[in-house]
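Shown next, in structure tokens, is the structure this report addresses.
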Number of protein chains: 2
Amino acid sequence: MPSVPRTARERARAEITSEILDAGRRHLATDGAAGLSLRAIARELGMASSAVYRYVASRDELLTRLIIDAYDSLGAAGEAGYAAVGRDDLPGRFTAVCRAVRDWALANPNEYALIYGSPVPGYVAPADTIGPASRVSNLLVQILADAAARGIEVAAATRGELSQAGRAALEPVLGVLPPGVTGEAIQGGLMVWAGLLGTVSLELFGQFHNVIGENPGDRDAFFAECVTRWAAQVGIG
Amino acid sequence: MPSVPRTARERARAEITSEILDAGRRHLATDGAAGLSLRAIARELGMASSAVYRYVASRDELLTRLIIDAYDSLGAAGEAGYAAVGRDDLPGRFTAVCRAVRDWALANPNEYALIYGSPVPGYVAPADTIGPASRVSNLLVQILADAAARGIEVAAATRGELSQAGRAALEPVLGVLPPGVTGEAIQGGLMVWAGLLGTVSLELFGQFHNVIGENPGDRDAFFAECVTRWAAQVGIG
DNA sequence: TGGCGTCAAGAGCACCGCTCTGCTTTGTTT
DNA sequence: AAACAAAGCAGAGCGGTGCTCTTGACGCCA
């Protein structure tokens, strides 16, 4: 599998493959994951439906590639927000990442639904997805680690130490993290992470009707209030 | 539309309709929303596929009825947990509702995904769903109102007052609530609600791999830690 | 006993994912 | 340059889907 196409055939293959992916992304954005149809893509590209299977093994495989794309796209958006703020400004970085996640989700609702919505039944995410999937959460972990290096105590912010069972439950993630990050900090970070995704999901999936105002700026304002409180909960407010 | 069937024909119609709904629930539980097929239901009930349309207008209508069922089922579970604890024990009630939601979601993953996962593309929830949809959140609101009646100040727990824009964003929900509940309390309650759903969604949709332990009790322990911290965040810890 | 409304069944339309069979094009090897 | 292998494409076809329309049978009520 050459990374750079050498022959005309390989070039054509790479080009058509990316055309298929583009068309898939387009269909995903307009019709959602359920409306993703290899036949429709083939029609759009002017080829027989069977020909698409030369480039994509199955509809599931196409979905997997689009999922990885979505994770990477979201990860890039989050990292851009992260990098735009200096590391001295922890609350600024935190806010930037949160806003980047929400903005990306609002701009790419179907991609968001693909990765954080209901999993496609009968579909199991391959191992290739777990790398890109953790790009955003890694940013939050990084912020926590920076906070820890600065001696910020999160236990007070999250009110109380972890129970023994609670600490044991966090064993997997504690193992891969810098040693300065306490279990209490991880607990708080996970809760903020869940709160962020939950908030974005509720907003995106239409559960805020008759709850949050519909005027321009209302949802932004609510989210801003959430962000400041989340920051306080992990002790960087 | 008689509520109680009088003729034999009406009785048969009601019976077959409920059989169709049961079969739909069954298929939903095993195959998920995407696998819900009117033809499969017809096959299972031993009738022609076209006959099902005498009882159910369309696949979407069947889905809607199942969604309402799911909201009602979750609402009943939450209310049972709520009612099992006396109103003096606010933390107990709060914990019971949270656990009821998670337990119900774990027991009915597809129903949960149906109502809190990605919305079915091209499908808009009819107005019939908003009533049952708010049964659980009403419980949390009730707890907040009880706390307010008891003079519990939530502003301190959620760290800081709302901005003017933040309060304006909460206008719709503030209008329908008992006057004792402050904007700060609603902000905190919504954040807890989003955190609860976000946590359950992350767990249910498999985003806790390599994060939370897989040993029995690990996820329970993590959730318990979340619950105690949520309670503290709304000032009833 | 008519007539009317309801019901079930079947055929059919357009779509889907996927496979298999040929045929053509391309690249490599002798 | 000729031969061969690989890859590409189109078409037909299988079984499945939601949904519609027509046809015929049945129960109920006047």
Side-chain angles (χ1 to χ4, degrees), chain A residues 1-2 4-21 23-24 26-28 30-67 110 114 120-124, chain B residues 1-2 4-21 23-24 26-28 30-67 110 114 120-124:
Chain A
M1 196 192 293
V4 49
R6 303 188 327 103
T7 75
R9 170 163 276 168
E10 282 164 353
R11 199 198 338 268
R13 179 172 184 83
E15 188 166 329
I16 294 184
T17 303
S18 88
E19 275 180 23
I20 290 177
L21 287 179
R26 225 159 26 235
H27 277 95
L28 187 66
T30 59
D31 304 331
L36 188 70
S37 147
L38 290 189
R39 287 183 116 110
I41 293 177
R43 238 183 340 259
E44 189 173 316
L45 299 188
M47 56 174 152
S49 66
S50 54
V52 181
Y53 286 84
R54 291 270 157 198
Y55 301 90
V56 162
S58 69
R59 184 182 178 277
D60 267 15
E61 203 228 57
L62 174 60
L63 216 48
T64 299
R65 303 180 71 156
L66 293 177
I67 287 177
N110 282 308
L114 196 59
V120 183
Y123 169 85
V124 283
Chain B
M1 195 193 292
V4 48
R6 301 188 331 102
T7 76
R9 171 164 279 166
E10 282 165 353
R11 200 200 333 272
R13 178 171 185 82
E15 188 165 328
I16 295 183
T17 304
S18 88
E19 274 180 25
I20 289 177
L21 286 179
R26 225 158 27 236
H27 277 95
L28 187 65
T30 59
D31 304 332
L36 189 70
S37 147
L38 291 188
R39 288 181 115 112
I41 293 177
R43 240 186 335 261
E44 188 173 316
L45 300 188
M47 57 174 147
S49 64
S50 52
V52 182
Y53 287 86
R54 293 263 160 208
Y55 302 90
V56 163
S58 69
R59 185 183 178 275
D60 268 14
E61 203 229 57
L62 175 60
L63 215 49
T64 299
R65 303 180 72 155
L66 293 177
I67 287 178
N110 282 308
L114 197 58
V120 182
Y123 170 84
V124 283

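Convention: sequence-line order gives letters A, B, ...; per-chain numbering from 1.
Taking both residues in full, the closest heavy atoms of A/Leu21 and A/Leu66 are given as O-CD2, 3.9 Å, listed atom of the first, atom of the second, then distance. Of all the heavy atoms in A/Ala42 and A/Ser49, the pair that sits closest is CB-CA, 3.6 Å. Between A/Leu114 and A/Ala33, the shortest heavy-atom contact is CD1-CB, 3.6 Å. In this structure, A/Arg65 and A/Tyr55 approach most closely via the heavy-atom pair NH1-O, 4.2 Å.
Using a 4.0 Å heavy-atom criterion, one finds that A/Ile41 contacts no nucleic acid atom at all. Heavy atoms of B/Ser58 sit under 4.0 angstrom from primed sugar atoms or phosphate atoms, though from no base atom. In this structure, B/Ser37 reaches the sugar-phosphate backbone alone: every heavy-atom distance under 4.0 Å involves primed, P, OP1 or OP2 atoms, never a base. Residue A/Leu45 is classed as having no contact, given no heavy-atom separation below 4.0 Å to the nucleic acid.
Taking atom NE2 of residue B/His27 and atom P of nucleotide D/dG16, one finds them 13 Å apart after rounding to whole Å. The CD1-C1' distance, from A/Ile16 to D/dC9, rounds to 10 Å in whole Å. Note: OH (A/Tyr55) to C1' (D/dA10) measures 13 Å, nearest angstrom. Put simply, CZ on B/Arg11 is 14 Å from C1' on D/dC28, counting in whole angstrom units. Note: CZ (A/Arg43) to P (C/dA14) measures 13 Å, nearest angstrom. Rounded to whole angstrom, the span from the CG atom of A/Leu62 across to the P atom of C/dC16 amounts to 14 Å. A/Tyr53 has its OH atom 15 Å from the P atom of D/dC9, to the nearest Å. In this structure, A/Leu38 places its CG atom 11 Å from P of C/dT19, rounding to the nearest Å.
For the pair B/Arg13 and D/dC28, the criterion of a side-chain N or O lying under 4.0 Å from OP1 or OP2 is not met.
For A/Arg26, the salt bridge (charged side-chain N to carboxylate O under 4.0 Å, His left out) criterion is met by A/Glu44, not counting sequence neighbours.
Along DNA chain D, the nucleotide nearest A/Met47 and the nucleotide nearest A/Arg39 are compared for position; the residue whose nucleotide lies closer to the 5' end is A/Met47. Toward the 5' end of DNA chain C, the nearer of the two residues A/Arg54 and B/Ala48, judged by each one's closest nucleotide, is B/Ala48.
For B/Ser50 against C/dA8, no side-chain N or O and base N or O form a donor-acceptor pair under 3.5 Å.
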